[in-house]
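For reference, the structure discussed in these notes is given below.
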Amino acid sequence: MTYNDIIGSIGVSLILLAYFLNTARMIPVNGKLFYVMNMIGAALACYASYLLRYMPFMILEGAWTLVSIYGLMRTMKIRMT
């Protein structure tokens, strides 16, 4: 298993775990943990895609990271101006 595989696998695992925990009602969809898991997972998957130079997933995971950051900020009641 290469470095890219490890980083990407950890990232995707975090995203899937957040989704599973939410689906099982173990964490709320608008909770901080959900957004943090998605943010870190997507950032790692984006980085792995960058290392592979695979632009479609860099865009997807980069956008997922930004959306998760936005959701986390809203949860923490920080206003973006």
* **Steps toward side chain to side chain contact (heavy atoms under 4.5 Å, CB included) verdict (S68, W64)** => CA-CA 6 Å; S68 297; W64 195 307; 3.5 Å; yes
* Using the side chain to side chain contact (heavy atoms under 4.5 Å, CB included) rule, take M37 and L21 through it: C-alpha gap first, then chi angles, then the decisive distance, then the call. => CA-CA 11 Å; M37 290 176 73; L21 291 174; 4.2 Å; yes
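The same ILVMFWY cluster, assembled from side-chain heavy atoms under 4.5 Å apart, contains both I6 and Y50. Grouping the Ile, Leu, Val, Met, Phe, Trp and Tyr side chains by contacts below 4.5 angstrom, directly or via other members, places I69 apart from Y19. Both I40 and M58 sit in one connected hydrophobic cluster of ILVMFWY residues. Membership requires side-chain heavy atoms under 4.5 Å apart, directly or through other members.
Note: F20 CZ to T23 OG1 = 8.0 Å, rounded to the nearest 0.5 Å. Rounding to the nearest 0.5 Å gives a distance of 13.0 Å between CD1 of I10 and CG of L17. Going from atom CE of M39 over to atom CG of L14 covers 10.5 Å, rounded to the nearest 0.5 Å. In this structure, the separation between CE on M76 and OH on Y35 is 13.0 Å, given to the nearest 0.5 Å.
Partner of L33 under the side chain to side chain contact (heavy atoms under 4.5 Å, CB included) criterion, out of N38, L72, I27: I27 alone.
The two residues T75 and G31 come nearest to each other via the heavy atoms CG2-C, 4.5 Å. Contact record, V29 with F34: O-CD2, 3.0 Å, taken as the closest heavy-atom pair. V12 and A45 get closest at one heavy-atom pair: CG2-CB, 4.4 Å. Contact record, I7 with Y47: CG2-CD2, 3.8 Å, taken as the closest heavy-atom pair. The heavy-atom pair separating E61 from I15 by the smallest distance is OE1-CD1, 3.7 Å.
Using a distance-only test at 3.5 Å, with no hydrogens or angles considered, no donor-acceptor pair links the side chain of D5 to the main chain of M1.
By the 4.5 Å heavy-atom criterion applied to side chains, P56 and Y54 are counted as neighbours.
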